[in-house]
S.K.: 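So that we are looking at the same thing, I have put the structure below in structure tokens.
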Amino acid sequence: MTTGADAGKLPAAYLSAGSSSFTEFVGVHAPQLLPSRRVLPPGNMLEAPHGTTIVTATFAGGVVMAGDRRATMGNLIANRDMEKVFAGDEYSAVGIAGTAGIAIELVKLFQVELEHYEKIEGTLLSLEGKANRLASMIRSNLGMAMQGLSVVPLFAGYDLDRQLGRIFSYDVTGGCYEEHDHHSVGSGSLFARGALKKVWHPGLSAEEVVSVVVEALYDAADDDSATGGPDVGRRIWPTVAVVGPEGVRFVGDDELRMVVEAVIAARQGNPGGAR
Amino acid sequence: MSSMPFYVSPEQLMKDRADYARKGIARGRSVVVLGYDKGIVFVAENPSRALHKVSEIYDRIAFAAVGKYNEFENLRVAGVRYADLRGYSYDRTDVTARGLANAYAQTLGTVFTQESKPYEVEIVVAEVGATAEDDQIYRLTYDGSVADELGFVAMGGAAEPIETALKDRWSPGLSLGDALSLAVELLGQDPAPGPAGGTTRTLTAAQLEVAVLDRERPRRTFRRIGGGLLDALLSTEDPTSDAPAEDDPTPGRHDTLTGEGSPRDESSNPQTQRPEQGPE
């Protein structure tokens with residue numbers, strides 16, 4: 001804020017006509033708040049907590065996204081109950097893999113970006129519009145990604161025009177690709193994707209897809225040390241968001257406990273799980 | 001030597017500016033803001049569905065304005081930017097109506113004394129609290145003065161008779177339906193300029209812009225009220241006197257309550273954050 005006679009008044013950038021993008025406004029007025037504007041000292045890559053596996057799959061009227069709860073730092077578990085799946089706005093969910101600190105900051109920025117647009121313009125962004133805003137945030141993080149602080153999100157939402165769930169994946173350079181049926185990102189994604197191919201099929205209900213994504217996360221945790229499986233002792237379940245015409249709903253702990261217990265029970269003596 | 005300007009005393013200069021701004025504001029229609037049992041209601045005579053006089057600023061804060069549209073729209077956008085930036089860099093709970101009202105007051109004050117023309121606007125910044133005692137309503141005028149109002153505000157057009165009537169007839173704890181009927185009746189008595197001036201009019205739902213800050217909603221509390229719900233609230237025969245707790249079921253933006261369609265699935269969460277879960 002300025003000092004002197006005008007102290008306390010809204011700075012000129014606030015009153016200037018311009019874009020309805022919060023990120024662009026912050027970039028002009030307070031660039032130090034944007035993760036992408038930070039300059040890193042040259043040198044070795046630093047070690048920071050990493051989030052791991054996110055899976056997402058569509059059902060007849062929407063899309064389900066789930067993430068495990070583990071963050072790792074090298075061979076250590078940095079956090080065992082971290083949330084990595086968030087609601088972007090009322091009709092979208094975003095899951096993150098990669099450097100946890102920057103990823104969560106990006107998600108927070110993305111949430112404000114969507115709400116800011118909604119308030120300024122008085123209307124919702126289209127689903128592609130939201131996916132592209134996220135792409136531009138990832139793109140501007142390329143410098144940090146090259147120093148090892150990469151973030152790879154997965155975006156899923158309910159398309160109000162087409163009335164179906166859609167999935168968008170990203171690469172570190174900000175490339176945005178629409179995926180069909182299901183997708184997974186993060187260190188355990190290879191195993192999760194294999195499981196999704198075998199267990200998911202068209203026409204499943206939302207409840208069945210919740211069970212499918214939990215199954216896929218279980219397979220990821222089975223073979224990837226950085227992905228956390230369901231922790232029955234501590235009652236830590238995956239984060240599961242269901243996005244449909246009613247908006248985003250996070251599946252409650254009691255409902256998830258039953259799904260997880262069913263998956264574990266079905267694997268007794270049959271470690272490969274459902275197929 | 002350049003031509004010598006005429007001397008104008010500072011008193012005269014400020015008076016001229018104030019007169020200019022006041023005239024501009026009085027030309028429009030009035031806006032009434034008043035507390036009701038579950039929050040704060042904003043009622044504006046505004047036939048436009050797109051150019052709003054009442055808008056959401058943040059979770060529990062709304063903005064209402066009269067005067068020149070381009071000037072208050074500019075202030076509204078600045079307010080949304082202020083609130084979103086503050087909430088982003090601190091926390092959502094650190095965004096307050098008082099902070100925003102101060103920033104607006106400084107801005108309006110500076111424009112009034114330093115620019116060639118003052119803003120022809122009067123605005124209200126209101127924040128709904130956990131109880132009616134915690135509600136805050138700030139009225140800001142063109143010269144940057146702030147007033148902390150208790151319970152109700154009328155501004156723009158011929159606001160004075162409305163304000164006088166509200167002093168007698170408003171009381172805390174009115175239902176939404178009663179508060180709305182009172183506001184609409186008083187707005188109809190506004191002796192507007194033009195051929196119909198001075199007569200009592202009955203305003204219909206199509207001429208009104210109505211919004212509430214509903215203290216019982218989680219997170220974003222601002223909702224516009226329209227469609228069948230507004231008709232029902234205004235009607236003397238219909239017993240509806242309160243806004244439903246559930247948002248409209250139709251997919252889309254849920255900033256407007258119309259009371260049409262069956263209620264949304266209880267388990268759906270229209271807010272963008274995961275609800276707090278207590279320990280099991």
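Only heavy atoms go into these numbers, but all of them, side chains included; no hydrogens, no water, no symmetry mates. A note on names: the letters A, B, ... follow the listed sequences, proteins ahead of strands, and every chain is numbered from 1.
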S.K.: Is chain B contacted by the side chain of A:E118, its backbone, both, or neither, given a heavy-atom distance below 4.5 Å?
M.R.: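 Interface part for A:E118: both.
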S.K.: Do you know which of B:V121, B:I25, B:I123 makes side chain to side chain contact (heavy atoms under 4.5 Å, CB included) with B:Y142?
M.R.: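 Passing option: B:I25.
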S.K.: With a 4.5 angstrom heavy-atom cut-off, which part of B:L108 approaches chain A: side chain, backbone, both or neither?
M.R.: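 Answer is neither: B:L108 stays 4.5 Å or more from chain A.
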S.K.: Using non-hydrogen atoms only, which part of A:E105 is less than 4.5 Å away from chain B: side chain, backbone, both, or neither?
M.R.: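 Both backbone and side chain.
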S.K.: Considering only heavy atoms, which portion of A:L114 lies under 4.5 Å from any heavy atom of chain B: side chain, backbone, both, or neither?
M.R.: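 For A:L114, there is no contact with chain B at all, as no heavy atom is under 4.5 Å.
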S.K.: Any idea which of B:N102, B:D84, B:T107 has the most non-hydrogen atom pairs under 4.5 angstrom with chain A?
M.R.: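 Max contact count across the listed options: B:D84.
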S.K.: Would you please classify the geometry between the B:F42 ring and the B:F222 ring as parallel, tilted or perpendicular, with 30° and 60° separating the classes?
M.R.: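 Rings of B:F222 and B:F42: tilted, 30 to 60°.
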S.K.: Could you look at A:A241 and say if it's the side chain, the backbone, both or neither that has a heavy atom under 4.5 Å from chain B?
M.R.: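 Neither part.
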S.K.: Side chain from CB out, backbone as N, CA, C, O: work out which of these in A:L33 comes under 4.5 Å of a heavy atom of chain B, or both, or neither.
M.R.: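 Both backbone and side chain.
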S.K.: For B:Y58, is it the side chain, the backbone, both, or neither that has a heavy atom closer than 4.5 Å to a heavy atom of chain A?
M.R.: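 The answer is both parts of B:Y58.
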S.K.: Where on A:S20 is there a heavy atom nearer than 4.5 Å to chain B: the side chain, the backbone, both, or neither?
M.R.: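 It is neither, since no heavy atom gets under 4.5 Å.
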S.K.: Looking only at the side chains, is there a donor atom on one of B:T96 and B:E127 sitting less than 3.5 Å from an acceptor on the other?
M.R.: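 Short answer, no.
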S.K.: Compute both the distance and the angle, then confirm whether A:K108 meets the cation-pi test with B:Y88: under 6.0 Å from the six-membered ring centre, within 45 degrees of the axis.
M.R.: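 Here A:K108 passes the 6.0 Å and 45° test against B:Y88.
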S.K.: Please report whether the ring centroid of A:F110 lies less than 6.0 Å from that of A:F155.
M.R.: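 Centroid distance A:F155-A:F110: below 6.0 Å, so yes.
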S.K.: A cation-pi test, strictly: NZ or CZ of B:R81 under 6.0 Å from the centre of the six-membered ring of A:F25 and no more than 45 degrees from its axis. Yes or no?
M.R.: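 Yes, B:R81 sits over the ring of A:F25.
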S.K.: Verify whether one side chain among A:E208 and A:S205 offers a donor that lies under 3.5 Å from an acceptor in the other.
M.R.: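 Their side chains do contain a donor-acceptor pair, which is all the 3.5 Å distance test asks for.
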